[in-house]
Amino acid sequence: MCGIVGYTGPRQALPLVLEGLRRLEYRGYDSAGVAIVDGEGGLSTAKKAGVLGNLEHFIDSGDVALAGLTGMGHTRWATHGGPTDRNAHPHTDATGRVAVIHNGIIENFVTIRKDLESRGIEMRSDTDTEVVAHLLGQAFAQGPTAGDLPASMAAVCRCLEGAFTLVAGHADVPGMLVAARRNSPLVIGVGDGEMFLASDVAAFIAHTREAVELGQDQLVVITSHGYEVTSFSGREADFKAFHVNWDLSAAEKGGYPTFMDKEIAEQPHALADTLLGHFDGNGIVLDEQRLGEDELRTIDKVFVVACGTAFHSGLIGKYAIEHWTRLPVEVELASEFRYRDPVLDRETLVVAVSQSGETADTLEAVRHARRQRARVLAICNTNGSQIPRESDAVLYTHAGPEVGVAATKTFLAQVTANYLVGLALAQARGTKYRDEVTREFELLSEMPAAVATTLTLMDPIRELAADISRSKAVLFLGRHVGFPVALEGALKLKELAYMHAEGFAAGELKHGPIALIEEGLPVVVITPSPKADPMLHSKLLSNIREIQARGARTIVIAEEGDDTVAPFADFLLELPRVPKLFQPLVATIPLQILAAEIARSRGYDIDKPRNLAKSVTVE
Ligand code: AGP
């Protein structure tokens, strides 16, 4: 939610800031803006509503001089104030000499705004951020922190409530940027005689792979000579330096038309890399394990908390974890979890699933669980992000950076990680013998190849997509692990193609939703294996018959060689045979491609669906 970039060093800042913004545009694309400190006592800004390209065109028109060695940029996902030029960041104070960019929400901005207005300050935007620029301008101009930008920023931060990453620069202090964070991400890129600030390392990976991750309530000052981290009260603070172990090509499109196409194609690797290093011959290994085997053994119930696609991965995980561990598992939307007073104690394991590791709803669910003394295990794709930092144990999905807003490879990686959690618990609790855990892991290790084969079978789905792109709606049906796959298929179609789509448990259809079926309505059905579960298969076959009899156009995803289903399928796609619990790893792929292709044929940008942002850092 909002992307932030800062640079100071010997090079012109503008091209580096724009390059960083391009890599962070997945975080929001309602507007974009830059501010450059020119080193001669001036500060200039340029900002435009809409995608980054609008700002670039505006800058190319040459109306604003943006030369200087220190600069910052922002790409916005609007929370307070519409996506307009005037609400775009950076925001400046009344003098125009200080500029601020912000990711997050200042919860007490209304009170601050009223106070500023009562003192005659005129607001020029509807944002919560602008108040920070005014407060900072005032703190720098007079009082105990006058002329000291870091001290002014620290003083302002102490007055703010909510979530924020802030970066500020001042015309009077060329060569310096000051940044602060609370509940929103911020990393420092340490270059050779130059320094970067960003929401995500992708912004500066082309220039340095040495990074520093800031902790909660910390402030950093960067100059071309280095960086200094303190707490908001000015005390020395601990921080973590790390080396980024992926390179620029991982954040580029690599010849694919969109990031989403590339990320779908990368799924076999995402799965294989997620499995890598998580089995050492003796059993399943977690990444950061601050929970002893003894503690895992005492767990008597599991909650999986997550949002959106990550939530669907948890729904799949439930089937596996319950099957292998015999522990009750509840899967809950993170945004609902803490509001219903769930029954949590030291024997509860809360599994928090999040690609970004910064989703506010999931983070708050983690905090709630920890306050109730539950143990928290994070499944996360972003090294060192907030959710794993606040958890007792971590299992990283090594899917690599995902830029497309719609989660694809990280979903498959999350599902895989849920299986690993199930096996780790089964191993700790002794509900599976060691050789059984090993056998399941071996079967799981065959899945990257099955996913690769599945990807070669997708041409018919692409043709079908063009055909149904004008439909009013699409329904998705499944049973057992096919049900969450149906939910995920519907979510992908909604978010990418802006079509009405619903996922249902196939058996539930006759209890109401079957009334939606009308002549020609496309219904995608995820069919279980007839060999692995003949009863479930025959029940689903009946459901297909019921909808076909009512005129639905049946689009059936089935296991290769499933002859019984063919007569009821208007369209049939056969997928490789895989173990029953692992079917989502192959069955989700055609649904991702269906949604992407329908969206494309409707003329939409599949990397940047409207109204969305990759990381949702507000509740
Ligand atoms: C799905 O395509 C979305 N990107 C969204 O539902 C996402 O999965 C959700 O916002 C959770 O994000 P997280 O995994 O980063 O926590």
Side-chain angles (χ1 to χ4, degrees), residues 2-29 32-36 51-53 55-56 59-60 66-75 101 103 165 167 169 175 177 179 185-214 220 222-227 241-263 266 269 273 356 381-385 398-405 409 607-608 614-615:
C2 299
I4 277 183
V5 190
Y7 171 81
T8 189
R11 298 193 266 173
Q12 283 297 318
L14 181 66
L16 294 166
V17 166
L18 288 175
E19 179 194 326
L21 287 183
R22 256 192 305 280
R23 296 198 203 291
L24 294 186
E25 215 187 353
Y26 70 87
R27 300 181 67 87
Y29 31 83
V34 293
I36 305 291
V51 293
L52 181 62
L55 174 71
E56 289 174 322
I59 291 173
D60 288 346
L66 291 164
L69 308 182
T70 301
M72 65 180 89
H74 186 269
T75 179
I101 52 178
N103 170 26
T165 300
V167 178
L177 290 177
L186 177 63
V187 279
I188 310 166
V190 184
D192 187 8
E194 58 185 3
M195 299 292 300
F196 299 81
L197 294 167
S199 313
D200 179 332
V201 294
F204 53 70
I205 193 78
H207 306 285
T208 178
R209 288 165 73 179
E210 300 313 316
V212 173
E213 166 198 315
L214 243 62
V220 62
I222 62 163
T223 65
S224 57
H225 305 301
Y227 62 96
F242 63 100
H243 179 76
V244 183
N245 54 13
W246 47 270
D247 62 13
L248 185 60
S249 66
E252 301 278 13
K253 286 185 198 158
Y256 288 90
T258 65
F259 281 107
M260 186 177 171
D261 290 303
K262 174 179 171 252
E263 287 153 8
E266 285 172 344
H269 296 288
D273 291 351
S356 59
N381 197 46
T382 310
N383 208 294
S385 54
H398 299 290
E402 187 175 71
V403 178
V405 165
K409 63 175 179 173
D607 278 343
K608 297 191 201 91
K614 183 81 183 156
S615 306

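Excluded from the calculations below are hydrogen atoms, water molecules and symmetry mates; all remaining heavy atoms, backbone and side chain alike, are included.
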List the residues meeting salt bridge (Lys or Arg N to Asp or Glu O under 4.0 Å) with Lys608, not counting sequence neighbours, and say none if there are none.
Glu25, Asp605
Taking Asp607 for the side chain and Phe259 for the main chain, is one N or O donor matched with an acceptor at less than 3.5 Å?
yes
Interatomic distance, Leu21 atom CG to Thr75 atom OG1 [nearest 0.5 angstrom]
6.0 Å
Least distance between heavy atoms, Val244 atom then Ala211 atom:
CG2-CB, 4.2 Å
Does anything in residues 6-21 form a salt bridge (charged side-chain N to carboxylate O under 4.0 Å, His left out)? List the pairs, not counting sequence neighbours.
Arg11-Glu194, Glu19-Arg23
State which residue, out of Glu266, Met260, Lys262, Lys409, fulfils the side-chain contact (heavy atoms from CB on, under 4.5 Å) condition with Glu402.
Lys409
Can you sort out the partners of Gln12 under side chain to side chain donor-acceptor pair (under 3.5 Å), two or more places apart, ordered by chain and number?
none
Can you list everything that forms a salt bridge (Lys or Arg N to Asp or Glu O under 4.0 Å) with Glu263? Sequence neighbours excluded, please.
none
For Asp261, give me all partners under salt bridge (Lys or Arg N to Asp or Glu O under 4.0 Å), at least two apart in sequence or on another chain.
Arg600
Distance-minimising heavy-atom pair for Leu14 and Ile59:
CD2-CG2, 3.9 Å
Of all heavy-atom pairs between Asn103 and Pro185, which one has the smallest distance, and what is that distance?
ND2-CD, 3.8 Å
Taking all atoms of both residues into account, what is the closest heavy-atom pair of Val190 and Thr208, and its distance?
O-OG1, 2.8 Å
Shortest non-hydrogen contact between Ser224 and Gly9, atoms and distance:
CB-CA, 3.9 Å
Nearest 0.5 Å, what's the CG-CG distance between Asp200 and Leu186?
11.0 Å
Does the pair Val34 and Met72 meet the rule for a side chain to side chain contact (heavy atoms under 4.5 Å, CB included), with working shown?
CA-CA 6 Å; Val34 293; Met72 65 180 89; over 6 Å; no
Return the minimal non-hydrogen interatomic distance between Ala179 and Val167, and the atom names on each side.
CB-CG2, 3.9 Å
Ser199 side chain to Ile4 main-chain N or O, any donor-acceptor pair under 3.5 Å?
yes
Leu214 versus Tyr227: any side-chain heavy-atom pair under 4.5 Å?
no
From Phe204 CZ over to Ile188 CD1, what is the distance, rounded to the nearest 0.5 angstrom?
8.5 Å
Look at atom CG of Asp192 and say whether more than 12 heavy atoms of other residues, nucleotides or ligands are closer to it than 6.0 Å.
no
Checking Arg209 now: which residues fulfil salt bridge (Lys or Arg N to Asp or Glu O under 4.0 Å) with it, not counting sequence neighbours?
none
Would you compute the distance between atom OH of Tyr7 and atom CD1 of Ile222 and round it to the nearest 0.5 angstrom?
9.5 Å
Can you tell me how far the CG atom of Leu197 sits from the OG1 atom of Thr165, to the nearest 0.5 Å?
10.0 Å
Roughly how far, to the nearest 0.5 Å, is OG1 of Thr70 from CD1 of Ile36?
8.5 Å
